[in-house]
Amino acid sequence: MAKKISILGSTGSIGVQALEVAKLRGFDVIALTAHTNTALLETQIRAFKPVMAAMTDERAAAALKISVGDTPTKVFGGIEGVRACAGLQADTVLNSIVGLAGLTPTLAAIEAGNAVALANKETLVAAGSLVMKTASDKGVAILPVDSEHSAIFQVLQGCPDRSMVKRLILTASGGPFFGKRADELQCVTAEQALNHPNWSMGAKITVDSATMMNKGLELIEAVWLFGVKPEMVDIIVHRQSIVHSLVEYLDNSVVAQLGVPDMRIPIQYALTYPQRFESPVRQLDLQAFGTLTFEEPDYETFRCINLCRTAITLGGLYPAAANSANEAANLLFREGKIKFLQIAELVEKTMHAVISKEDYNLEDVLEIDRFARAFVIQNC
């Protein structure tokens, strides 16, 4: 019987590539969700014939229901519809929704007993203890899709005892502004920030890469995924994006996972784990790349990394506040309403304004999210 999968955020970059993998592997795609891209979702529905589909935008959902009315796919609207798709019985639910909007669908998938292939890092950034405890209670696997966390996950398959791990090393491309100082970034535009040197990603994530907030969020995600302390996670800039991350063991041996910068490798591994299969990704030719370089991040210019390190060290709701403040500031920058360097400033101000608690529930996270977004808008 074909493996049953659901893809949340199927019209985004990760979702589209996940469907390529699904077609190649002959998976049964039973649910698809998107935000507003009705044209692409209709094409996907006709190609994969899912049982259910949902769009968070209610108007888009209504339009889609009409356009695919000749198919057996049931279409739902709003976040409840997305959660219903996540809760449909599947072997794996791949969550590639962007931002905190992916949190409750992740929890819905876990509550249904579905394994989660997680490309939505904000789920663990904002509510890591809640999500990991729920997954543990339900006996559900959370499999990383981000290339860096997939790399670490793959390397750790050869580790019989996690106490042998000394350090996790996340690699970063450095984004489009690597090597520039803060005074050179005063007037950069969203168009410049969206020009990533190696990866094709959505707008929000690409700007996060430019600020290096993305790497800070990944640091927090690594803490939860691999059960390590924040000080055990280091970051190194690797411009070529060939070494996707590394693990250092107690004997100072360092093991890395390498490959061309193509998300179909980690996507396929998450969907087929623990097995490996041929993929459409081209073979790595190290000779063609010649030199691989590694440099320390500029923490003074790209302040978001250490803001995230501070947030996870403080714990509680601080990571949720940092994440939501960044989402709001990132959008304001893309809309031309604030300057590039204001993103980090607003994240820091929000963290100072937050009243946190160590033990929290879902409503606490959602309340902090509302507070952080409102605070950013009021202080921009």
S.K.: Is any side-chain heavy atom of Ile110 closer than 4.5 Å to a side-chain heavy atom of Ile142?
M.R.: yes
S.K.: Hey, which of Ser6, Pro105, Cys85 is the one that makes side-chain contact (heavy atoms from CB on, under 4.5 Å) with Val93?
M.R.: Ser6
S.K.: Taking the basic N atoms (NZ, or NE/NH1/NH2) and the acidic carboxylate oxygens, is any pair closer than 4.0 Å for Asp298 and Lys180?
M.R.: no
S.K.: Name all residues meeting the salt bridge (charged side-chain N to carboxylate O under 4.0 Å, His left out) criterion together with Lys215; count only those two or more places apart in sequence or in a different chain, and write none if there are none.
M.R.: Glu148, Glu218
S.K.: Any sub-3.5 Å donor-acceptor pair from Ser356's side-chain atoms to Leu317's backbone N or O?
M.R.: yes
S.K.: Start with the C-alpha distance between Ile312 and Trp224, add both sets of side-chain angles, then the distance that settles side chain to side chain contact (heavy atoms under 4.5 Å, CB included), and finish with yes or no.
M.R.: CA-CA 10 Å; Ile312 187 59; Trp224 291 114; 3.7 Å; yes
S.K.: Taking salt bridge (charged side-chain N to carboxylate O under 4.0 Å, His left out) as the test, write out the residues that go with Lys166, two or more places apart.
M.R.: none
S.K.: With respect to Val21, which candidate in Leu271, Leu94, Ile265 satisfies the side-chain contact (heavy atoms from CB on, under 4.5 Å) definition?
M.R.: Leu271
S.K.: Output all residues satisfying side-chain hydrogen bond (donor to acceptor under 3.5 Å, both in side chains) with Thr33, sequence neighbours left out; order by chain, then residue number.
M.R.: none
S.K.: Any side-chain heavy-atom pair from Glu20 and Lys23 closer than 4.5 angstrom?
M.R.: no
S.K.: Does a side-chain heavy-atom distance below 4.5 Å link Val145 with Leu143?
M.R.: no
S.K.: What I'd like to find out is whether the side chain of Lys49 reaches to under 4.5 Å of the side chain of Pro72, using heavy atoms alone.
M.R.: no
S.K.: Quick one: do the Thr104 and Arg83 side chains pair a donor with an acceptor below 3.5 Å?
M.R.: yes
S.K.: State, yes or no, whether a side-chain contact exists between Gln192 and Phe340 at a heavy-atom distance under 4.5 Å.
M.R.: no
S.K.: Quick one, Val131 and Leu107 - any side-chain contact, counting heavy atoms below 4.5 Å?
M.R.: yes
S.K.: Could you check Val116, Thr106, Ile97 and say which one makes a side-chain contact (heavy atoms from CB on, under 4.5 Å) with Thr123?
M.R.: Thr106
S.K.: For Val98, is there any backbone N or O sitting under 3.5 Å from a side-chain donor or acceptor partner on Glu122?
M.R.: no
